[in-house]
Amino acid sequence: MAHATEGEGAGSPGRLCITRIFDAPRELVWRAWTRPEMLIAWYGPPDWPAVHIEQDLSPGGRWRACLRSPADGRVLWQGGRYCEVVPPEKLVFTFKWESDDHEDGAPVDTLVTVLLRELPGGRTRMDFLQTGLKSETSVGGHRHGWTTSFDRLEHWLHADG
């Protein structure tokens, strides 16, 4: 069972902090973030699941994801570059929507940091931080998107992981 909390600074402008505890080993959670065939299984909220993932998992390498609405088939592309890749504990990457038809309007570069820590009993603590979001509306939208994605990750870890 995963537990969710918002970390310190969650209310700061342009900043989103989420902490989750997964009942799964850190190596598996790391692979879920860093292998496209695993990432596509949980990435994106249920109403905009990922349908395509590209990754060059190296510092400076690019990543790209396509989310598609099952309701009407619309697509949203996002992507960025990896800044730090420290298996199995730290992943830092830029994140930007590719078009201005997203609720955020004109795209801005944000920075995502994912820290994974081993806990007793084969569990993993994930500390997620996204900075550079342009408004409280954007923070709220990203909070919903990431939280529901992490709910999907939890389900995947128990069902298929």
Side-chain angles (χ1 to χ4, degrees), residues 2-22 26 29-36 38-69 74-118 124-154 156-157:
H3 303 283
T5 60
E6 290 190 28
E8 182 179 337
S12 301
R15 181 179 169 100
L16 173 62
C17 301
I18 301 171
T19 297
R20 296 287 291 250
I21 297 175
F22 295 107
R26 179 170 72 164
V29 179
W30 174 260
R31 288 193 312 268
W33 272 101
T34 59
R35 293 198 179 164
M38 293 182 174
L39 188 59
I40 200 165
W42 64 268
Y43 191 80
D47 50 342
W48 286 93
V51 294
H52 179 80
I53 301 277
E54 300 169 16
Q55 285 183 310
D56 174 1
L57 191 67
S58 60
R62 296 190 57 77
W63 71 273
R64 193 168 185 235
C66 178
L67 309 182
R68 181 183 299 145
S69 167
R74 287 180 299 146
V75 296
L76 292 171
W77 286 91
Q78 55 187 230
R81 290 195 180 276
Y82 289 101
C83 305
E84 288 183 66
V85 179
V86 184
E89 61 190 56
K90 186 176 186 181
L91 193 60
V92 180
F93 55 92
T94 62
F95 175 106
K96 183 177 184 177
W97 295 102
E98 291 188 5
S99 68
D100 60 5
D101 60 353
H102 185 266
E103 67 187 17
D104 283 351
V108 296
D109 284 306
T110 66
L111 187 67
V112 172
T113 302
V114 179
L115 298 173
L116 302 175
R117 295 188 197 132
E118 286 185 80
T124 301
R125 175 184 168 131
M126 180 184 74
D127 291 302
F128 173 93
L129 173 64
Q130 186 173 16
T131 59
L133 296 163
K134 62 197 267 184
S135 68
E136 284 306 307
T137 300
S138 182
V139 170
H142 283 86
R143 178 181 295 115
H144 169 76
W146 287 115
T147 299
T148 57
S149 292
F150 299 154
D151 291 345
R152 292 183 65 211
L153 172 57
E154 177 186 10
W156 179 83
L157 287 167

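Only heavy atoms go into these numbers, but all of them, side chains included; no hydrogens, no water, no symmetry mates.
Taking both residues in full, the closest heavy atoms of P107 and W97 are given as CB-O, 3.0 Å, listed atom of the first, atom of the second, then distance. Between V108 and G132 the shortest heavy-atom distance is CG2-O, 3.9 Å. Between S138 and L133, the shortest heavy-atom contact is OG-CD2, 3.6 Å. Nearest heavy-atom pair, R20 versus T147, reported as atom, atom and distance to 0.1 Å: NH1-O, 3.5 Å. In terms of heavy atoms, L67 sits closest to G44 at CD2-CA, 4.2 Å. Taking all atoms of both residues into account, the shortest heavy-atom contact from G14 to E136 is N-OE2, 4.1 Å.
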### Task
Take I18 and H142 through the test side-chain contact (heavy atoms from CB on, under 4.5 Å) and record every step on the way to the result.
CA-CA 11 Å; I18 301 171; H142 283 86; over 6 Å; no
### Task
Check the pair Y43 / R152 against side-chain contact (heavy atoms from CB on, under 4.5 Å), numbers first and verdict last.
CA-CA 7 Å; Y43 191 80; R152 292 183 65 211; 5.6 Å; no
#### Entry: Derivation and outcome, side-chain contact (heavy atoms from CB on, under 4.5 Å), residues S149 and W42
CA-CA 6 Å; S149 292; W42 64 268; 4.2 Å; yes
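Between W63 and F95, the angle of the ring planes lies from 30° to 60°, which puts this pair in the tilted group. Ring geometry for F93 against W33 counts as tilted: the plane angle lies between 30° and 60°, on a 0 to 90° scale.
Going from atom CZ of R117 over to atom OG1 of T124 covers 11.5 Å, rounded to the nearest 0.5 Å. Of the inter-residue distances, the one linking L111 atom CG with Q130 atom CD reads 8.5 Å to the nearest 0.5 angstrom. Rounded to the nearest 0.5 Å, atoms CG (D127) and NZ (K90) are 12.0 Å apart. One distance of note links CD of Q55 with OG1 of T34; it measures 6.5 Å at 0.5 Å rounding. How far CH2 of W48 is from OG1 of T148: 13.0 Å, rounded to the nearest 0.5 Å. Rounded to the nearest 0.5 angstrom, L157 CG and M38 CE are separated by 9.5 Å.
For the pair L91/L57, a side-chain contact is recorded, criterion being any heavy-atom separation below 4.5 Å from C-beta on. Between Y82 and D56, every side-chain heavy-atom pair lies at or beyond the 4.5 Å cut-off. For the pair T94/C83, a side-chain contact is recorded, criterion being any heavy-atom separation below 4.5 Å from C-beta on. Between R81 and D109, every side-chain heavy-atom pair lies at or beyond the 4.5 Å cut-off.
Between the R64 side chain and the E54 main chain, no donor and acceptor come within less than 3.5 Å of each other.
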